[in-house]
Number of protein chains: 2
Amino acid sequence: MSDFGPDDKIVHGGPVPVYVQIAGVLRARIKRGDWLPMRPLPGEQRLADEFGVARMTARKAVRVLADEGTVFVVPQRGAFVSAPEHSGSGDAQ
Amino acid sequence: MSDFGPDDKIVHGGPVPVYVQIAGVLRARIKRGDWLPMRPLPGEQRLADEFGVARMTARKAVRVLADEGTVFVVPQRGAFVSAPEHSGSGDAQ
DNA sequence: CACAATTTGTTCGTATGTATT
DNA sequence: TAATACATACGAACAAATTGT
């Protein structure tokens, strides 16, 4: 259970690489608040199982999020949701 | 850094295949003693990153060295520099 | 201290599809 | 047609560190 939404289907062989699609799903989940900041995402193997892909493909998806700063990876610990941005522009209190 | 020397530029689209060029660079490095016998070379992906090529291209370069006996590959471990030849008859060059 | 489970890191092996030469 | 080269994707295996029992 608690797979992922019906709109989170992963399409193989399409124009968008699987690992990019998975990164998108995870990004949306994070924004939705599925994992609070400083909380670890499921491990690479668990993500692989959930999405029905190889571990290295799930790993690549996590790396996309890490490269864009959405998460940070701690070896032997997991991938953690980064602290929220300071709300870019002005101070807005 | 510690890329490769200034004479180790890889030329794409030239008469010499990229994987052959890379094999040549690695061969020279081995003779230079960059990796001692029984020591592993960088992995295929690391070589690919260093030379700016796809992993399969770096892999093909390593295979050239393996086919000529310069290195031997151990699955899931790496490519190792072969023990030096007994220098033919036994005396110095 | 020992042991198992979990998790990231890294490696080679293989296959497919696409594009270029 | 064939060789080259890249990107993607899966598989298998081992290492090292952490965590829990």
Side-chain angles (χ1 to χ4, degrees), chain A residues 2 8-26 29-30 34-35 38-82, chain B residues 2 4 8-26 29-30 34-36 38-82:
Chain A
S2 170
D8 295 337
K9 286 195 186 66
I10 300 302
V11 179
H12 289 260
V16 182
V18 172
Y19 75 90
V20 173
Q21 296 179 56
I22 295 177
V25 173
L26 296 179
R29 285 190 187 180
I30 291 172
D34 283 27
W35 302 288
M38 308 307 292
R39 294 289 306 173
L41 276 66
E44 294 170 350
Q45 189 56 65
R46 289 181 181 282
L47 289 175
D49 292 341
E50 280 188 22
F51 287 95
V53 300
R55 182 196 151 200
M56 293 311 296
T57 302
R59 177 179 173 78
K60 213 167 178 181
V62 172
R63 178 158 191 185
V64 169
L65 301 180
D67 287 346
E68 70 189 25
T70 303
V71 304
F72 60 96
V73 179
V74 181
Q76 276 72 57
R77 301 277 319 188
F80 296 78
V81 177
S82 301
Chain B
S2 162
F4 30 93
D8 295 338
K9 287 194 185 70
I10 300 301
V11 179
H12 290 260
V16 182
V18 171
Y19 75 91
V20 173
Q21 296 180 54
I22 294 177
V25 172
L26 295 179
R29 284 192 189 180
I30 291 172
D34 283 28
W35 303 289
L36 299 180
M38 308 307 293
R39 295 289 305 174
L41 275 66
E44 294 170 352
Q45 187 58 66
R46 290 182 177 281
L47 289 175
D49 292 341
E50 281 187 23
F51 287 95
V53 299
R55 182 197 153 200
M56 295 311 297
T57 302
R59 175 179 174 77
K60 217 166 178 182
V62 172
R63 175 153 192 187
V64 169
L65 300 179
D67 287 346
E68 71 189 24
T70 302
V71 304
F72 59 99
V73 179
V74 181
Q76 275 73 58
R77 309 270 352 209
F80 296 78
V81 177
S82 300

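Below, chains carry the letters A, B, ... as their sequence lines are ordered, and counting in each starts from 1.
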Let's see if you get this right: which residues in residues 69-76 of chain B place a heavy atom under 4.0 Å from DNA chain C? B/Val73, B/Val74, B/Pro75, B/Gln76
Check the distance between D/dG11's C1' and A/Glu44's CD and give it to me in whole angstrom. 15 Å
Enumerate the protein-to-nucleotides 5-7 of chain D contacts in which both atoms are nitrogen or oxygen and the separation is below 3.5 Å.
from  : atom 1 : to      : atom 2 : distance (Å)
D/dA5 : OP1    : B/Val18 : N      : 2.3
D/dA5 : OP2    : B/Val18 : N      : 3.4
D/dA5 : OP2    : B/Tyr19 : N      : 3.4
D/dC6 : OP2    : B/Ala54 : N      : 3.1
D/dC6 : OP2    : B/Thr57 : OG1    : 2.2

If every non-hydrogen atom of B/Gly69 is compared with every non-hydrogen atom of B/Ser82, which pair is closest and at what distance? O-OG, 2.9 Å
Which donor-acceptor pairs under 3.5 Å do the side chains of residues 56-67 of chain B make with protein atoms, sequence neighbours left out?
from    : atom 1 : to      : atom 2 : distance (Å)
B/Arg59 : NH1    : B/Glu44 : OE2    : 2.8

For residues B/Val16 and B/Val11, determine if any side-chain heavy atom of one lies less than 4.5 Å from a side-chain heavy atom of the other. no
Please collect all salt bridge (charged side-chain N to carboxylate O under 4.0 Å, His left out) contacts where either partner lies in residues 13-24 of chain B, sequence neighbours excluded, each pair once. none
Determine which pairs satisfy side-chain hydrogen bond (donor to acceptor under 3.5 Å, both in side chains) with at least one residue from residues 12-26 of chain B, sequence neighbours left out, and list them in order. none
Spacing of CD belonging to B/Glu50 relative to CG belonging to B/Leu26, to within rounding of 0.5 Å: 9.0 Å
Could you work out, with side chain to side chain contact (heavy atoms under 4.5 Å, CB included) as the rule, every residue matching B/Arg77, not counting sequence neighbours? B/Val74, B/Phe80
Could you tell me the boundaries of the chain B footprint on DNA chain C, defined by atoms under 4.0 Å from its heavy atoms? C/dT10 to C/dT14
If you apply the rule side chain to side chain contact (heavy atoms under 4.5 Å, CB included), what do you find for B/Leu36 with B/Val81, and how did you get there? CA-CA 7 Å; B/Leu36 299 180; B/Val81 177; over 6 Å; no
Need one value for B/Arg59: base, sugar-phosphate or nothing, where a base atom within 4.0 Å counts as base even if backbone is also close, heavy atoms only. base
My understanding is that only residues two or more places apart in sequence, or in another chain, count here; which of them pass salt bridge (charged side-chain N to carboxylate O under 4.0 Å, His left out) with A/Asp34? A/Arg32
Qualifying residues under side-chain hydrogen bond (donor to acceptor under 3.5 Å, both in side chains), relative to B/Gln45, sequence neighbours excluded: B/Asp49
